[in-house]
Amino acid sequence: MSSCRSGVVLPFNASFLSTNLQAPRGQPAARSASRRPRSVQSIAVVPQRTWSRLRLRVPAGLLLRPVAIDEAERVLKVSSGGLFVFDPTDIRQDVFEQLARSIAASRMSVLVYAPIAAAPRCYCVAVSVAASVAASVASEIVLFDVGPEALLLQRFLRTAERASVPALVFHRLASRLLRLPQGLGLEVMRIFSWDDLARSVPDLAGRAGADATSINRWLRREGIAPASRLLVCAQMARIYDAFCHGQSTLEIVTARIGLVRVRALEAQFSRIVGAPPKRAMQTLEPEQFADRLVAYLIR
């Protein structure tokens, strides 16, 4: 697993641009333009309104140019370094998914510069980069606006950095989850992090500003199991993650996330992943555990 330096930067952190403009991933930045590799470019795929903000914040001497998505795909494949700036807000879902894969496979440093509305896609890009095969990844997430979603995303990025089971499950479901209405999408992000967990489907519905019937209809439309299953899998993902980070007993872990029905949870583990909690932690790697949860959630 590669390292990932990610974070919500408020206000804008121009030093990230200066540090990562010229350096291929895992290598120090070049000290002068004369030493810059010819295959290094710095490009931006952003709408005009984002470019208007961004160009005012780019440090003097940084040659950053806006490009179309087709050219961005080409540069991501051939560049040995440089910087890729990206606002995923208005990009069609299938194009976004392909671009996220290209970003993860590239050697370019990544700056996601977007409004709060793009928070779910920002998280998806961060997890893709964290799971990259590159030896070292430099990335930043910058949101235009200050608000609860920005703080939420900051917690998610810490989750993504260590490839936790909640982050892995979210990433495997991302192509479906990112098509949900924004309010529900943010709440699904919330349950797959260490943020406050919804205790029930009505609780989730209230937070998302919708009724349970509508939520289950939206989930079904994207091929995802009902919200009750989503909550159970989020609980199990958090429990596995807590065991991996030193929590010694199921009772301690369940108390930490506010659950009290330990016996029911043990039965759910056996039914969904094929083993009771302690044995599952001992025999299943995080990726395997996440895969079993995802299989339970996909209709």
Side-chain angles (χ1 to χ4, degrees), residues 4 6 8-9 12-14 16-25 27 29-30 33 36-134 137-145 153 171 174-180 182 185:
C4 178
S6 300
V8 178
V9 183
F12 184 80
N13 182 7
F16 176 81
L17 298 179
S18 300
T19 302
N20 293 289
L21 171 67
Q22 299 174 12
R25 289 180 178 176
Q27 299 181 20
R36 186 183 307 171
R38 297 184 69 179
S39 58
V40 170
Q41 301 185 51
S42 293
I43 59 174
V45 173
V46 296
Q48 182 58 46
R49 63 181 181 278
T50 301
W51 179 248
S52 298
R53 286 174 173 263
L54 181 63
R55 65 199 300 259
L56 298 176
R57 293 167 168 80
V58 174
L62 240 62
L63 300 178
L64 180 68
R65 62 187 178 92
V67 299
I69 290 176
D70 289 347
E71 183 176 356
E73 287 276 8
R74 181 187 63 77
V75 174
L76 284 165
K77 289 178 182 177
V78 303
S79 183
S80 61
L83 179 71
F84 179 64
V85 184
F86 181 38
D87 179 351
T89 309
D90 298 332
I91 297 175
R92 202 174 67 228
Q93 179 62 26
D94 59 333
V95 176
F96 166 75
E97 291 169 15
Q98 174 57 45
L99 202 54
R101 288 191 291 269
S102 298
I103 290 169
S106 172
R107 298 185 66 194
M108 300 184 78
S109 297
V110 181
L111 169 63
V112 183
Y113 187 68
I116 279 177
R121 285 186 167 187
C122 291
Y123 183 48
C124 183
V125 172
V127 177
S128 294
V129 171
S132 170
V133 296
V137 175
S139 64
E140 291 284 6
I141 308 293
V142 178
L143 297 183
F144 295 168
D145 314 304
L153 181 60
H171 189 235
S175 63
R176 302 165 188 257
L177 297 176
L178 292 177
R179 290 192 291 261
L180 296 172
Q182 183 181 345

Kindly determine whether Leu99 and Phe86 satisfy side-chain contact (heavy atoms from CB on, under 4.5 Å), including the steps that lead there.
CA-CA 10 Å; Leu99 202 54; Phe86 181 38; 3.3 Å; yes
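Tested against Arg49, the residues Thr89, Asp87, Asp90 include a single side chain to side chain donor-acceptor pair (under 3.5 Å) partner, Asp90.
Between Val85 and Thr50 there is no side-chain heavy-atom pair separated by less than 4.5 Å.
To the nearest 0.5 angstrom, Gln48 atom CD is 9.0 Å from Trp51 atom CH2. In this structure, Gln98 CD and Ile91 CD1 are separated by 12.0 Å, a value rounded to the nearest 0.5 Å. For the atom pair CE (Met108) and NZ (Lys77), the distance works out to 14.0 Å, reported to the nearest 0.5 Å. Note: Arg74 CZ to Ser102 OG = 13.0 Å, rounded to the nearest 0.5 Å.
Scanning both residues, Tyr113 and Arg53, for their nearest heavy atoms gives OH-CB, 3.8 Å. Contact between Ala72 and Val45 at its shortest, heavy atoms only, is CB-CG2, 3.4 Å. The shortest heavy-atom contact between Leu64 and Leu54 is CD2-CD2, 3.8 Å.
Atom CZ of Arg55 has 12 or fewer neighbouring heavy atoms from other residues, nucleotides or ligands inside a 6.0 Å radius.
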